[in-house]
Structure formats: C-alpha cells, structure tokens
Protein chains: 2
Amino acid sequence: MTPRTRRRAEALSRDRIVEAAVELLDTSGEAGLTFRTLTERLATGAGAIYWHVANKDELLAAATDGVLATALAADAPGPPRDRVRAVALGLFDAIEGHPWLATQLALQLSRGTVPPRIFETIGRQVRALGVPQGHWFTTTSALVSYLLGAAGQNATNARSAGPHTNRDEFLDAVSSAWEELDPAEYPFTRAVAAELRGHDDREQFLAGVDLVLAGITAVHLPAGPG
Amino acid sequence: MTPRTRRRAEALSRDRIVEAAVELLDTSGEAGLTFRTLTERLATGAGAIYWHVANKDELLAAATDGVLATALAADAPGPPRDRVRAVALGLFDAIEGHPWLATQLALQLSRGTVPPRIFETIGRQVRALGVPQGHWFTTTSALVSYLLGAAGQNATNARSAGPHTNRDEFLDAVSSAWEELDPAEYPFTRAVAAELRGHDDREQFLAGVDLVLAGITAVHLPAGPG
DNA sequence: ACCTGAACACCGTTCAAGT
DNA sequence: ACCTGAACACCGTTCAAGT
C-alpha cells in the first residue's frame, strides 16, 4: 500500500526477465543487452537474474524462443505449400521487427540447434504434402536450412531500415561495390550487380521457398501435386 | 645474425596475424582467440596487431576468408551440378576441420554479408546450368542460403567429433530427447526422432543440395537437363 | 527461497611513448 | 612506419551476506 514505482512492485520472474531482455534487444540492439543494463532496467542485482536464468546464452535462447512463439502462432489454415509460405513470411516479419533475431537464429544453427518450433511447424507441412515418411527428416531439414539461411541474409534490411526505409540507397551502394570488383576474380558477381538494384527481398525470399518446394515436389512427389 | 627464436625473427604482417588467428581458433576454439593469446603467440603488443588489422571483427572475417579460399580452391571440372556438389562438400569438410567456421559464416550471413567467394563460385554454376539471366541472382542466393544454413547445422558434428567420432552417441542422445517431447506440442518431431539415429550428415547435406537443384531445374529449366 | 551488490577475472581497444 | 605495453572502460559471472 505504500507508494512505489510500478516497476519495483512487480515480482521478479523468469518471464519478466526475458521480456525485459527482448525490449532491450529491440531498443538498443545486441550490444544494448548486458547484465548491467538489464539489472538497471529491472532494478535488481545481477545475482537476482542469475537466480532465474543460468547464464546469458540461456537468456538469449529464451528471448529467441519467445519472439518465435508469437511469430509462428498465426498458423493460418490452407494447403501445405501456403502454410510453409506463411511460416516463411512470419519469420521474415519477425526479423524485421527484431533484427537481433537473425543473429540469434544463426548462432543457434551454427551450434547444431534448430529452434524446435520451426522444425515442428515446417515438418507438419512436409508430412501434409505427402512426402514419404523415410524422407521426412531430410526434407524438413533442407527446408528449414533454407529458411534460416535466407532469413539471416535479409537481416541487413531490418537493421538499415528506418520506418520508410532507405533500403534503395543501401542496395545502390552494394550494387556499386560489386560493379567495382576485379573482373578476373568476380565476373559473375559483377554481371549480377545490376539485378540487385531495386529488387524486393520479400519476393526473393518467397521465390526461394518456392524453389525448394518445387524440388520437394520433383524428388518426393512424382505422382503430381499433393 | 644474433641468435633469436624463429618466431621473433619473422616480421609481423597482416598475413602472419591472420594465420596465427586461424591456428588459435583451430586449436582452442572461438573462446581461445583473444588479443591476449594472439599477442602472446606473436610475441608483440596489442597495438602492433591493431596496426595491421582494424579490429577483431575484421580479423575474424579475414580468417574466414582465408580458410574459405583454400577450401574452394579445388574447383574440379565437370557438369555444373557436380561442381555445386563439390563446393558443398568442400564447405562441409572445411567446417569439419575448422568448427569455428560455421559460427563465423552464420554471423556474416546474419549481417547480410554472403562471403563473396561462395556467391561467385555457386553463381558461375547457376549460369552454366542455363538459368535465365533474370533469375541468376535469386537462384544463386537461394542455393547459397541453403548451403550456409545446412553447413551451420552440421557444425555440431565437427565439434563433438574426435578422430573417429562418438557421433552415434550424440545422435542417440538427441533422438532420445526428441522422443520425450510433449506429444501434444511436438508430434512431428517425435515421429521423426527414430530417423535421426544413425543417419549420415554428409548424405543428408548432399540430398538437400539435390533437392534445391531439382527445384531449380523444375522452375527455371523446363526444357530438360542443362 | 529469493535478492543484494561488491568483487573477480577477464575482455577489446586506445594511446603516449619509443625505435 | 612500425611496435611496445600500460591503462581504460567495459564485460559475464560468482558469492558472502542479507531478508
């Protein structure tokens, strides 16, 4: 009943810690999340955080999983291919809103850990497509690999983009840089530099999804569309 | 002419710094490379290293590029599909020999930077396959996204594997963990857990490459095999 | 059981000073 | 031009002490 700040009144909990971590990551980037800033934000000591969370890696994993959970929750009905595209776009948008997510997903991938939520969500659609059970694992892995790899590549987007984006300037710069590469070493990259200008990341991302889906159809569904 | 240690006799150079960084990463992992250990190894001060290299990020990028250069150098002749597979295996083996490479590639990806060597090498094969020029960029990006995503996933391998690997134990453990997941939340992952036991990462990696190649063929080469 | 906050053992990076 | 190495401003994590 004594007047206090609202912040101090809420009890410390794992959820509240993860929530605060996500806010800090969103607001000030990966460098903005330290035990110092988190401690300050939650008005506690470092030890209090370590009581609820093993270490920073676990905290980052929890933050990633939390954001992913809400991003993948919108599981619209429809044919499997459309649902795969929906997951892909969910991922794309989540990274746009939380640029640090790309790095985190990449780091988890490079440790051999695919976020289970993504694997499960995609896997169900692979099954629904009619891929034979013996190829479920391989097929799902391939699709997830593409999704996470491509999602990572689109992270720059999210970082360089303000509300209405100066994305075009960025693409111009990359394009120009590519055009100045050594013709002897990078002929292909130079040839493709012009294509880069004004392309739509979202479209390209989906085009890649469709490419992998077409491959799955060709290799595992010879009878026709599932 | 005065007797000295061999190490001290060589002049410090960017190349020698990068070489030492790669050695440290190989020997003691990502945590093993610090400016302290590097300084000790090269018998200099920190400032000397900063004279040749802007910062740690640049050093890691240079180490990545160096290892990649030798890994992609074995550019065997043959039909484009085989050469794509060769690049894929080159990447796979490089990560096996340098586990830190997976993390580094993933980090670069999540910053929107595809290592130019990989993009160029794959792009040439995409062109050779007969993909129409308007789709070169998108197609190459998709293939590279898969390669780097999947390569990342296979990093655990390299880390947990001794000379003859206790890989099977590791797969057993993951498989068992998956089988204990909540059936309501992870039915697919549970169903696929058994498939995991005893599977071959290398084979799976290549199967994914073939999946994407099949997709490229289906979408962009309707006339037949390039 | 949960929280405090000072202390510890590190980091990457800088910079005045040397040669 | 290149190198030295102490100093700076940070980290993540621990832990004795409190409630």
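Reckoned from all heavy atoms, side chains included, excluding hydrogens, waters and symmetry mates.
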Quickly work out the [X] [atom1] to [N] [atom2] distance and round it to whole Å.
{"X": "Ile49(B)", "N": "dG5(D)", "atom1": "CD1", "atom2": "P", "answer": "13 Å"}
{"X": "Ile17(A)", "N": "dC2(C)", "atom1": "CD1", "atom2": "P", "answer": "12 Å"}
{"X": "Arg16(B)", "N": "dC2(D)", "atom1": "CZ", "atom2": "C1'", "answer": "14 Å"}

Would you mind checking if Arg124(A) and Glu120(A) are paired as a salt bridge, meaning a charged N to carboxylate O distance below 4.0 Å?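 Counted as a salt bridge, because a side-chain N and a carboxylate O are separated by less than 4.0 Å.
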Could you tell me whether Glu19(A) and Arg14(A) have a side-chain N and a carboxylate O separated by less than 4.0 Å?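 No, this pair does not count.
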Test side chain to side chain contact (heavy atoms under 4.5 Å, CB included) applied to Val144(B) and Thr121(B), Ile122(B), Thr139(B), the passing residue: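 The single option meeting the side chain to side chain contact (heavy atoms under 4.5 Å, CB included) with Val144(B) is Ile122(B).
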Using a 3.5 Å distance criterion without hydrogens, assess whether the side chain of [X] forms a donor-acceptor pair with backbone atoms of [Y].
{"X": "Lys56(B)", "Y": "Thr34(B)", "result": "no"}
{"X": "Ser175(B)", "Y": "Ala193(B)", "result": "yes"}
{"X": "Arg190(B)", "Y": "Leu181(B)", "result": "yes"}

Which residue pairs satisfy the ring-ring contact (aromatic ring centres under 6.0 Å, His included) criterion with at least one member in residues 40-67 of chain A, sequence neighbours excluded?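 Sorted pair list: Phe35(A)-Tyr50(A).
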dA1(C) OP1/OP2 closer than 4.0 Å to side-chain N/O of His52(A):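 No, no such contact exists.
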When you measure from the side-chain N and O atoms of Trp51(A) to the phosphate of dC3(C), is any distance below 4.0 Å, counting only OP1 and OP2?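 Looking at the OP1 and OP2 atoms of dC3(C), neither is under 4.0 Å from any side-chain N or O of Trp51(A).
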So that I can compare with my own list, what are the stems of DNA chain C, taken as at least three consecutive Watson-Crick or G-U pairs with distances under 3.5 Å?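 Stem list for DNA chain C: C:4-8 with D:12-16, C:12-16 with D:4-8.
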Below 30° counts as parallel, above 60° as perpendicular, anything between as tilted: where do the rings of Tyr146(A) and Phe205(A) land?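 Tyr146(A) vs Phe205(A) ring planes: parallel.
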I'd like a list of close polar pairs between nucleotides 12-15 of chain C and the protein, N/O only, cut-off under 3.5 Å.
{"unit_1": "dG12(C)", "atom_1": "OP1", "unit_2": "Lys56(B)", "atom_2": "NZ", "d": "2.5"}
{"unit_1": "dG12(C)", "atom_1": "OP2", "unit_2": "Phe35(B)", "atom_2": "N", "d": "3.0"}
{"unit_1": "dG12(C)", "atom_1": "N7", "unit_2": "Arg36(B)", "atom_2": "NH1", "d": "3.0"}
{"unit_1": "dG12(C)", "atom_1": "O6", "unit_2": "Arg36(B)", "atom_2": "NH1", "d": "3.3"}
{"unit_1": "dG12(C)", "atom_1": "O6", "unit_2": "Arg36(B)", "atom_2": "NH2", "d": "3.3"}
{"unit_1": "dT13(C)", "atom_1": "OP2", "unit_2": "Tyr50(B)", "atom_2": "OH", "d": "2.8"}
{"unit_1": "dT13(C)", "atom_1": "OP2", "unit_2": "Lys56(B)", "atom_2": "N", "d": "2.9"}
{"unit_1": "dT13(C)", "atom_1": "O5'", "unit_2": "Tyr50(B)", "atom_2": "OH", "d": "3.0"}

